[in-house]
Amino acid sequence: MVDPSQKFNLLFLSTPVGPLGSGLGGGVELTLTNLCQVLQGRGHRIAIAAPIGSSLNNATLIELPGALQPTAHTQGRQTSVTLPDDAVLANMCAYAHQAQTDYDLIVNFAYDWLPFYLTPFFERAIAHFISMGSLSDAMDTVIGQVAKQFPNTLGVYTRTQADTFPFAHQCHILGSAVDLELYDYCDQPSPWMAWMGRISPEKGLEDAVAAAQISGIPLKILGKLEDPVYWQRILETYPDAPIEYLGFLPTAQLQAVLRQCRALLMTPRWVEAFGNVAIEALACGVPVITYARGGPTEIIQSGKTGWLVEPDCVAKLVEAMQRVDELSRRACREQAVKEYSLDALGDRFEHWFTEVLSTHRLF
Ligand code: UDP
């Protein structure tokens, strides 16, 4: 049980692939924002060690210099562990090591080898939030060692994500949330649909663009342009698709566009760990048409709050887009309210932290 009077003093290690607010960190940035909001509201103290240039509302940031880490999803399964010269990740770990006694618990959000490898060398407990599925042998090995030595310290978004790892049964399923007050419900949509996320091959944007071309339904694209070569290839392949790219938008502007959409399209090629964009859409009353792969299969109720479509099949995607009016926008918002509140997220993380700390005392 969580003792509500117990207040934690937490150090979060952010993702080292980009400054907070840049969009390079993907859904982890939203998760950090949400956790700060709910946990600080409950009286816990949080400091976030993050790359220099980071910004996050109402958060205490410890900005550290150094070269950004390459993203794990752009490396192959057998790739060796990489650390650039003067790596920001090394600087973040050095800070955490030197300042650890100022905190009750360190919570690592970096999907990188170093913080896992260093875990036994820390006096303070480290809880690791794993933000992606299995991508490399080296990561599976080092996380597996932590799972053995420090039970209870691994957290993930979804069961489907956990199942990609050999240590699946040792993962705490923590889910995600949206701050419902930031997303307005919209009952009367405009004619277009949307696709949102990092523009990078594992997100399969080309299928959404192909579906827009075939169906003639206009598509607004929002998100960080992570791979410009990939984006250029899509534009050359589908020159006549009715698409519009709006860039990477902050939440307030993002939801102003999103809420007017008839549906959000999700086309992941990889096992999507969660898919925060799905619950942001639901919060606005926007149904989600998604490949039935990864986290979205645990979120979307097919036929009610969206359609789960055979993965990698553009024809089925188009078919689902044409059946969007069978879905209830009210039911989408209701699902977000019922299942993805910040309060529930706060409860799950508080429970997990309590468990990590009580197990750690036994060592
Ligand atoms: N996002 C954003 N502005 C945009 C497009 C996307 O802030 O213009 C955010 C979105 O709110 C979500 C994140 O990008 O939090 C994408 O996260 P998701 O979990 O869907 O995928 P990931 O990038 O983690 O694989």
Side-chain angles (χ1 to χ4, degrees), residues 15-30 51 53 68-76 79 111 131-133 135 190-251 253-258 260-278 280-281 286 288-291 293-296 309 311-315 317-318 321:
T15 166
V17 302
L20 280 169
S22 70
L24 286 167
V28 173
E29 296 191 21
L30 188 72
L68 299 174
Q69 201 61 18
T71 47
H73 57 266
T74 54
Q75 319 281 301
T79 314
Y111 188 103
S131 60
M132 293 182 278
L135 291 173
S190 299
W192 62 76
M193 294 193 178
W195 185 99
M196 253 166 48
R198 291 175 295 102
I199 298 179
S200 180
E202 74 279 5
K203 295 286 186 178
L205 172 59
E206 65 274 24
D207 284 10
V209 173
Q213 178 151 306
I214 295 165
S215 65
I217 297 173
L219 185 71
K220 291 194 191 275
I221 299 167
L222 296 77
K224 184 79 188 173
L225 186 44
E226 192 180 318
D227 186 338
V229 175
Y230 167 67
W231 172 236
Q232 207 45 48
R233 218 171 35 237
I234 294 177
L235 295 181
E236 283 160 17
T237 312
Y238 303 101
D240 302 322
I243 59 171
E244 186 187 355
Y245 176 49
L246 305 183
F248 176 73
L249 304 181
T251 302
Q253 283 163 259
L254 171 147
Q255 72 90 30
V257 176
L258 175 63
Q260 298 176 55
C261 296
R262 288 177 69 201
L264 177 76
L265 304 185
M266 292 181 73
T267 44
R269 294 258 184 262
W270 68 348
V271 176
E272 189 76 45
F274 187 83
N276 281 291
V277 293
E280 294 181 280
V286 173
V288 180
I289 298 172
T290 174
Y291 285 158
R293 178 179 274 150
V309 171
D312 308 320
C313 181
V314 174
L317 199 60
V318 171
M321 288 161 78

Enter the distance from [X]:[atom1] to [Y]:[atom2] here, rounded to the nearest 0.5 Å.
X      : Y      : atom1 : atom2 : answer
Gln260 : Met193 : CD    : CE    : 14.5 Å
Leu222 : Leu246 : CG    : CG    : 5.0 Å
Leu205 : Leu219 : CG    : CG    : 7.5 Å
Ile243 : Ile234 : CD1   : CD1   : 7.5 Å
Leu30  : Leu20  : CG    : CG    : 11.5 Å
Ser131 : Asn276 : OG    : CG    : 10.0 Å

Verify, without hydrogens or angle tests, whether [X] (side chain) and [Y] (backbone) share a donor-acceptor contact under 3.5 angstrom.
X      : Y      : answer
Thr237 : Arg233 : yes
Tyr238 : Ala211 : no
Ser190 : Trp192 : no
Glu29  : Gly21  : yes

Could you go through Leu249 and Val257, starting from their C-alpha distance and side-chain angles, then the distance that decides it, and tell me whether this counts as side-chain contact (heavy atoms from CB on, under 4.5 Å)? CA-CA 10 Å; Leu249 304 181; Val257 176; 4.2 Å; yes

Got [X] and [Y] here, is their nearest side-chain heavy-atom distance under 4.5 Å?
X      : Y      : value
Ile217 : Met321 : yes
Thr267 : Lys203 : no
Trp195 : Val277 : no
Leu265 : Thr290 : no
Thr15  : Gln69  : no
Leu258 : Met196 : yes
Tyr291 : Leu317 : yes

Charged N to carboxylate O below 4.0 Å: is that the case for Asp227 and Arg198? no

Can you give me the closest heavy-atom contact between [X] and [Y], atom names plus distance?
X      : Y      : result
Pro218 : Pro191 : CD-O, 4.1 Å
Cys261 : Val286 : O-CG2, 3.8 Å
Ala72  : Met132 : CB-CE, 4.0 Å
Ser215 : Val318 : CB-CG1, 4.1 Å
Gly133 : Ala273 : N-CB, 4.4 Å
Pro70  : Gln75  : CB-NE2, 3.6 Å

Set out, in order, the CA-CA distance, both residues' side-chain angles and the distance that settles side-chain contact (heavy atoms from CB on, under 4.5 Å) for Tyr245 and Leu225, then state yes or no. CA-CA 10 Å; Tyr245 176 49; Leu225 186 44; 3.7 Å; yes

Counterpart residues, side chain to side chain donor-acceptor pair (under 3.5 Å), relative to [X] (two or more places apart):
X      : answer
Tyr111 : none
Glu244 : Lys220
Glu280 : Tyr183
Trp270 : Glu272

Tyr230 and Glu206 side chains, donor-acceptor separation under 3.5 Å: yes

Sorted by chain and residue number, the salt bridge (charged side-chain N to carboxylate O under 4.0 Å, His left out) partners of Asp207 (sequence neighbours excluded) come out as Arg269

Using the salt bridge (charged side-chain N to carboxylate O under 4.0 Å, His left out) criterion, which residues pair with Lys224? Sequence neighbours excluded. none

